[in-house]
Amino acid sequence: MLKIKATNSKLLEPLQQVTGIVERRHTLPILSNVLITAGGGHVDFLATDLEVQITARADLDGNAEGSITVGARKLFDILRALPEDVEVALEAKESRMVVRAGKSRFNLQTLAAADFPKMVEAKDASRSLALPQKALKEALRLVQFAMAVQDIRYYLNGVLFSVDKNVLRVVATDGHRLSFASQALEGDHGSVEAILPRKTVIELIKLLGDTDELVAIAMGANQVRFAFSGIEIVSKIVEGKFPDYQKVIPTTHKNRVSLERTALAQSLNRAAILSNEKIRGVRLVFTKGALSIICTNNEQEEAEEGLAIDYDGDPLDIGFNISYLLDVLNHIDAAQVSVTMGDSNSSALIEMPGREDFKYVVMPMRI
């Protein structure tokens, strides 16, 4: 049984916050549903894929009671299609739920709340810390694009979340490039590491606010919990050993140049039009005071862009995946980027001048 009355906008927001992890087709049909639990003047919406679980709460003006599960996407699409401030009534009994709003009526199939496979929250989440939502969101945003996608090295399909005393470090790599960001923490939190799954990272970036309000983080051996703004995300931790990122970040390269980020990105975007669609290679040719950006493809077509730069290092002809360069330029907001290189066989280090909290390493490629 379930009975709820509320304005449409009040129900739609928390439902939208949890539906991002719902799979349309799942081997367990009930995982396509959202668990709705009402009582005590509020309603909770809960969704899970058994790796990540998100709960979002809405306060209600009147009494509400009961719990049921119903198709998450269908209910979301119905509420989204209704007028913003119309009053909505949800009533479920037996195996059906009726949604009423004005002269609209929808009859949905339900599954029992008791059958919903909620993740069991770990009892060993003894390590806790808190930081502003916008700080965690920005750190994750600066690395998430470097995560691997469906790599057999499953520990690369996520982000390393590392706490060392009063510093949080997050790192992502797919084996070809690595992105690192850090944030200062209040107090000493000891040392702890965990690999967050890809979906957890994406949902955190989506749901965290650009605000100084805190996100509370509780970490256990196999699970981590994030609580903020009426939302709770419980995530499994990926098993495995993350690569030693400190060994990957070069420290001895001597060829350094500062480039205007927007001009470089625009030149790369134009050159990319004639890049090889499979390998996406680009040659960067550095000479004194000049940079040439060259792309060719299988049709013997060529694009060349030139930039006047302040460079006095060794002449250098080095190849990269152009997508990896554009990814980092599109995710940072500095006016200038600093690029440090060794030779044509060495990785390049991209930084934002004056900031030690971000580093991006990209491996070269032969073109």
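We use all heavy atoms of the structure for the numbers below, so side chains are in, but hydrogens, waters and symmetry mates are not. Residue numbers run from 1 in the order of the sequence given.
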### Query
Between the side chains of N298 and N276, is a donor N or O closer than 3.5 angstrom to an acceptor N or O?
yes
### Task
Verify whether one side chain among R256 and S338 offers a donor that lies under 3.5 Å from an acceptor in the other.
yes
### Message
Please check this pair: side chain of T296 against backbone of Q300, looking for a donor-acceptor N/O pair closer than 3.5 Å.
### Response
no
#### Entry: Any donor-acceptor pair under 3.5 Å from E232 side chain to T55 backbone
no
### Task
Inspect the surroundings of CD in E299 and state if more than 12 heavy atoms from other residues, nucleotides or ligands are less than 6.0 Å away.
yes
### Message
With a 3.5 Å distance limit and no angle check, can you tell me whether K137 reaches the backbone of L208 through a side-chain donor-acceptor pair?
### Response
yes
#### Entry: Salt-bridge present (K74, D77; N to O < 4.0 Å)
no
### Task
Check for a donor-acceptor pair, side chain of N255 on one end and backbone N or O of G313 on the other, with a separation under 3.5 Å.
no
### Query
Does atom CD of E186 have more than 12 heavy-atom neighbours from other groups under 6.0 Å away?
no
### Message
Assess, by modelled atom type and distance only, whether the side chains of T37 and S67 contain a donor and an acceptor separated by less than 3.5 Å.
### Response
no
### Query
So, does S235 use its side chain to make a donor-acceptor pair with the main chain of V52 at under 3.5 Å?
no
### Message
Looking at E87, I want to see if its CD is surrounded by more than 12 non-hydrogen atoms of other residues, nucleotides or ligands under 6.0 Å.
### Response
yes
### Query
Step by step, would you call F242 with Y155 a ring pair (Phe, Tyr, Trp, His ring centres under 6.0 Å)?
CA-CA 6 Å; F242 201 82; Y155 49 85; 7.2 Å; no
## Note on the structure
For D151 and R153 the tightest heavy-atom approach is OD1-N, 2.7 Å
### Basic-acidic side-chain contact under 4.0 Å: K10, D59
no
### Query
Which heavy atom of L2 sits nearest a heavy atom of G66, and at what distance?
CD1-O, 3.3 Å
### Message
Tell me if the CG atom of D310 is crowded by more than 12 foreign heavy atoms within 6.0 Å.
### Response
no
### Query
Is the shortest distance from a Lys or Arg side-chain nitrogen in K5 or D61 to a carboxylate oxygen in the other one below 4.0 Å?
no
#### Entry: Test item: side-chain donor near acceptor, S323 and R280, under 3.5 Å
yes
### Task
Over all heavy atoms of both residues, which pair between Q53 and I21 is shortest? Give the atoms and the distance, please.
CA-CD1, 4.2 Å
### Task
Indicate yes or no: does E65 engage K3 in a salt bridge with an N to O separation below 4.0 Å.
no
### Query
Is K359 salt-bridged to E356, cutoff N-O under 4.0 Å?
yes
### Query
Between L90 and V88, what is the shortest heavy-atom contact and its length?
CD2-CG1, 3.8 Å
### Message
Looking at P83, is its backbone amide N or carbonyl O close enough to the side chain of N8 to form a donor-acceptor pair, meaning the two atoms are under 3.5 Å apart?
### Response
yes
### Query
If every non-hydrogen atom of V22 is compared with every non-hydrogen atom of S32, which pair is closest and at what distance?
CG1-O, 3.5 Å
### Any side-chain donor near an acceptor of the partner, Q336 and S258, under 3.5 Å
yes
### Message
Check whether T200 reaches the backbone of L196 with its side chain - one donor and one acceptor, N or O, closer than 3.5 Å.
### Response
no
#### Entry: Presence of salt bridge, K199 and E23, under 4.0 angstrom
yes
### Mutual orientation of the aromatic rings belonging to F145 and H331 [parallel < 30°, tilted 30-60°, perpendicular > 60°]
parallel
### Query
Any salt bridge between R57 and D44, counting N to O under 4.0 Å?
yes
### Query
Does a salt bridge link R261 with D333, judged by any charged N lying under 4.0 Å from a carboxylate O?
no
### Task
Give the intermediate values and the outcome of salt bridge (charged side-chain N to carboxylate O under 4.0 Å, His left out) for residues E51 and K236.
CA-CA 5 Å; E51 184 179 72; K236 285 186 176 179; over 6 Å; no
### Query
Quick check, are the ring centers of F180 and Y360 under 6.0 angstrom apart?
no
### Side chains of Q133 and S229, donor plus acceptor under 3.5 Å
yes
